[in-house]
Protein chains: 2
Amino acid sequence: MLSDLRQEFILHFGEMGSRWGINRTVGQIYAALFLSEEPLCADDLVGLLGVSRSNVSMSLKELQSWSLVQLKHRPGDRRDFFTTPDDMWQIVRTLVEERKKREIDPTLTKLRQLEMRPGSAEDAYAQARITEMRELIELLTGWYDQMNKLETERLVALLNMGAKLQKFAQSARILPKRTNKTEN
Amino acid sequence: MLSDLRQEFILHFGEMGSRWGINRTVGQIYAALFLSEEPLCADDLVGLLGVSRSNVSMSLKELQSWSLVQLKHRPGDRRDFFTTPDDMWQIVRTLVEERKKREIDPTLTKLRQLEMRPGSAEDAYAQARITEMRELIELLTGWYDQMNKLETERLVALLNMGAKLQKFAQSARILPKRTNKTEN
DNA sequence: TAGATGTTTCAGAAAAAACTGAAACGACTG
DNA sequence: CAGTCGTTTCAGTTTTTTCTGAAACATCTA
């Protein structure tokens, strides 16, 4: 039912899953869908992966909440079929977007909240460190938002231009660090 | 011993840890070190976090394997003290580097290996998909390697130039896709 | 070398996460 | 409405991961 090639790919993503925050079955289901030209339904996955029906159901729900799978329907068939988007770039964008939402945004919120706190003297260093972290994250996410606006073609072109981009960076004027002093 | 502010930060990173592949104690220890102006020793952390000595020991080892903490020694004191690097950028670089090593590189290896396989007809689609994934990952990591070469100052300047970078991308010539045909 | 101080290891306990089967549910269909 | 087909939920079990305390180890010091 499943060629060695696909088997191996699927198992790899199952294992890999645990290094991310993803559980094995979710990883395997995603991998199976990714490699399948045809949409698959829950029972297909049960057969392919040998896990329980309910596990498949839960895992698909999880994948849907990540917007990583698409629901398809066949005319005259009540079952839900699933695929991954054809466009790999779309997949990457979704993945980054969702991870940002779940991993970065809550942290940013927390950091801002801690920063606001009227700080006792003993916390001066900690608060400075928190600010530093917040600023860095904002810089990175802000930049990411910019990149995300580009259409895929331009983005690919940009990524392909590693060397040229380096040159561009050379020309970038480095702004003096902002200090607390009011400099005139 | 631990102000509310720091307490909260530490707990947040403990929770957050699980969304990454990191366990709670590891996250908490890292957070505690991050906020501490002074290096801390294992027993300090036991006191601060209320976990067992051996847990702290294991977790510190884990953090060391990630190169996320630095060992310090005080003259005339046999104990190991730990800090996080002062430079946030260094932290980010390390983090990305290590995650790449653990999460991307093994996958890339596996993908290449599967791609080489003499493909049976039924695997044609799967293999095409694998190639697509491999190429995309290579593009992204290749680009990352370029960025990683920049000194921090230039990198920051570049990141701060979101808008300008967009314009730059506009000007980027979009190269025609490479095909198998030998074009003259 | 005996003792003091600090770190690491490891087998088992505790906690958390993943998974299952069975039952509930929902929505069409004759 | 009764039956069919498919999905979802959930209490309980299994598996995995994390954590602990005790013992082993290592190094310095009197």
Side-chain angles (χ1 to χ4, degrees), chain A residues 10-33 38-66 68-83 102-103, chain B residues 10-11 13-33 38-66 69-83 102-103:
Chain A
I10 289 168
L11 291 180
H12 177 83
F13 273 78
E15 297 311 317
M16 228 46 199
S18 26
R19 300 212 189 166
W20 292 55
I22 296 169
N23 85 35
R24 192 152 28 92
T25 306
V26 172
Q28 290 184 354
I29 288 181
Y30 187 80
L33 293 175
E38 300 304 321
L40 302 176
C41 72
D43 284 317
D44 292 337
L45 291 163
V46 170
L48 248 37
L49 307 178
V51 295
S52 75
R53 188 50 234 270
S54 52
N55 194 358
V56 169
S57 176
M58 294 295 233
S59 301
L60 282 170
K61 213 170 125 189
E62 174 80 2
L63 284 169
Q64 282 179 281
S65 85
W66 279 75
L68 281 173
V69 296
Q70 291 171 337
L71 237 156
K72 300 257 166 170
H73 282 107
R74 287 183 181 167
D77 190 333
R78 292 209 267 120
R79 290 174 296 174
D80 291 339
F81 285 78
F82 297 87
T83 51
R102 287 154 211 249
E103 296 169 4
Chain B
I10 289 169
L11 291 180
F13 272 79
E15 297 311 318
M16 229 46 199
S18 25
R19 300 213 189 166
W20 291 56
I22 297 168
N23 87 35
R24 190 152 30 91
T25 308
V26 173
Q28 289 184 355
I29 288 181
Y30 187 78
L33 293 175
E38 300 304 319
L40 302 176
C41 72
D43 283 317
D44 292 337
L45 290 163
V46 170
L48 248 37
L49 307 177
V51 295
S52 75
R53 185 52 232 268
S54 52
N55 195 357
V56 169
S57 175
M58 294 295 233
S59 301
L60 283 170
K61 214 171 124 187
E62 174 80 2
L63 284 169
Q64 282 178 282
S65 85
W66 280 76
V69 295
Q70 292 171 339
L71 238 157
K72 300 256 166 170
H73 283 107
R74 287 183 182 167
D77 190 333
R78 291 211 266 121
R79 290 174 297 175
D80 291 339
F81 285 79
F82 296 88
T83 51
R102 285 153 213 249
E103 295 169 6

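In what follows, every heavy atom counts, from backbone to side chain, and hydrogens, waters and symmetry copies are set aside. So you know, we letter chains A, B, ... as the sequences are listed, proteins then strands, and number each from 1.
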Per-nucleotide protein contact string for nucleotides 18-23 of chain D, where B marks a base within reach and S marks sugar-phosphate only (heavy atoms under 4.0 Å, - for neither): SSBB--
Starting at [atom1] of [X] and ending at [atom2] of [N], how long is that distance when rounded to a whole Å?
X: Gln64(B); N: dT7(C); atom1: CD; atom2: C1'; value: 11 Å
X: Leu45(A); N: dT7(D); atom1: CG; atom2: C1'; value: 14 Å
X: Asp43(A); N: dT4(D); atom1: CG; atom2: C1'; value: 14 Å
X: Asp44(A); N: dC5(D); atom1: CG; atom2: C1'; value: 15 Å

Straight-line distance of [X] [atom1] to [Y] [atom2], nearest 0.5 Å:
X: Leu45(A); Y: Leu60(A); atom1: CG; atom2: CG; value: 6.0 Å
X: Leu11(B); Y: Leu49(B); atom1: CG; atom2: CG; value: 9.0 Å
X: Asn23(A); Y: Met58(A); atom1: CG; atom2: CE; value: 10.5 Å
X: Thr83(A); Y: Lys72(A); atom1: OG1; atom2: NZ; value: 4.5 Å
X: Ile22(A); Y: Leu63(A); atom1: CD1; atom2: CG; value: 8.0 Å

Steps toward side chain to side chain contact (heavy atoms under 4.5 Å, CB included) verdict (Leu40(A), Leu48(A)): CA-CA 10 Å; Leu40(A) 302 176; Leu48(A) 248 37; 4.0 Å; yes
Trace of the side chain to side chain contact (heavy atoms under 4.5 Å, CB included) decision for Phe81(A) with Leu71(A): CA-CA 6 Å; Phe81(A) 285 78; Leu71(A) 237 156; over 6 Å; no
Sorted by number, the residues of residues 68-82 of chain A with heavy-atom contact under 4.0 Å to DNA chain C: Arg78(A)
OP1 or OP2 of dT7(D) under 4.0 Å from side-chain N/O of Lys61(A): no
Flag, side chain of Arg102(A) to backbone of Arg19(B), donor-acceptor distance under 3.5 Å: no
